[in-house]
Amino acid sequence: MSTNQPLVAIIMGSDSDLPIMQAAADILKEFGIEYELTIVSAHRTPRRMIEYAAVAKDRGLKVIIAGAGGAAHLPGMVASITSLPVIGVPIKSSNSIDGWDSVLSILQMPNGIPVATVALNAAKNAGILAATIIGAFDETAGEKVKTYKQNLETEVLNKVNKLKKEGWQNGFDQ
Ligand code: RP5
């Protein structure tokens, strides 16, 4: 993609989420998919959250990745306002008990307002899922995701062959 129009929004509740959420930006960059990244807090900037989600589709965005920790209401609240798909990234943050709080806050949505929830801190997978959604209607993005997955397969098959030839005793770093 080369339009400079962001197709994916990466939003997070706090700048303290950035070390986790930047993995989504990194993989989207690798796929050549335009994104924007900003802070939108459900609790500290509720009016900004409502405005951001309300106009996201009209601004040309196609997918929203929302990361939050603790009482992680951002992804669900954004999903309640927009008709775009929302991918939630639960983050183990400073106000998390153990991460389950974030996972369950994002995962256990009521019927009618789904959030596609990835694993704890799995912002990279959120980026890949966003690229997969874009790839459903954009051939270039779809090909990039396909190649990415083929490379994963090749990597594993190479390890299978190495294991077969050299045995497991010396590990994989030999
Ligand atoms: C959540 O509270 C944010 O998403 C973040 O994960 C957590 C802690 O935020 P800070 O106190 O570090 O700003 O809303």
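Counting convention: from 1, in listed order, for ligands and their atoms alike. Nothing fancy with the numbering, it's 1 onward along the sequence. Every heavy atom of this structure was used, including side-chain atoms; hydrogens, water molecules and symmetry mates were not.
When the heavy atoms of Ser93, Gly69, Gly70, Ala66 are ranked by distance to atom 14 (O) of ligand 1, first place goes to Gly69.
Summary of contacts: the protein heavy atom closest to atom 12 (O) of ligand 1 is Ser16 OG, 2.6 Å. Looking from atom 7 (C) of ligand 1 to the surrounding protein, the closest heavy atom is Asn95 OD1, 3.1 Å.
Note that NZ of Lys29 and CD of Glu34 are 10.5 Å apart. Values are rounded to the nearest 0.5 Å. Ile27 contributes atom CD1, which lies 4.0 Å from atom OH of Tyr148 (distance to the nearest 0.5 angstrom).
Atom CD of Glu139 has 12 or fewer neighbouring heavy atoms from other residues, nucleotides or ligands inside a 6.0 Å radius.
Side-chain atoms of Ser102 never come within 3.5 Å of backbone atoms of Lys92 as a donor-acceptor pair (strictly under, hydrogens ignored). Asn151 places no side-chain N or O within donor-acceptor distance of the main-chain N or O of Lys149, the cut-off being under 3.5 Å. Here the side chain of Asp138 pairs no donor or acceptor atom with the backbone of Ile134 at under 3.5 angstrom.
Considering backbone and side-chain N/O of Ser14, one or more are found under 3.5 Å from N/O of ligand 1. Between Ser41 and ligand 1, no pair of N/O atoms sits closer than 3.5 Å.
The distance from ligand 1 to the heavy atoms of Ala68 drops below 4.0 Å at these ligand atoms: 4 (O).
Using a 4.0 Å heavy-atom cutoff, Asp17 is listed among the residues neighbouring ligand 1. The shell of residues lying under 4.0 angstrom from ligand 1, judged by heavy atoms, includes Arg44.
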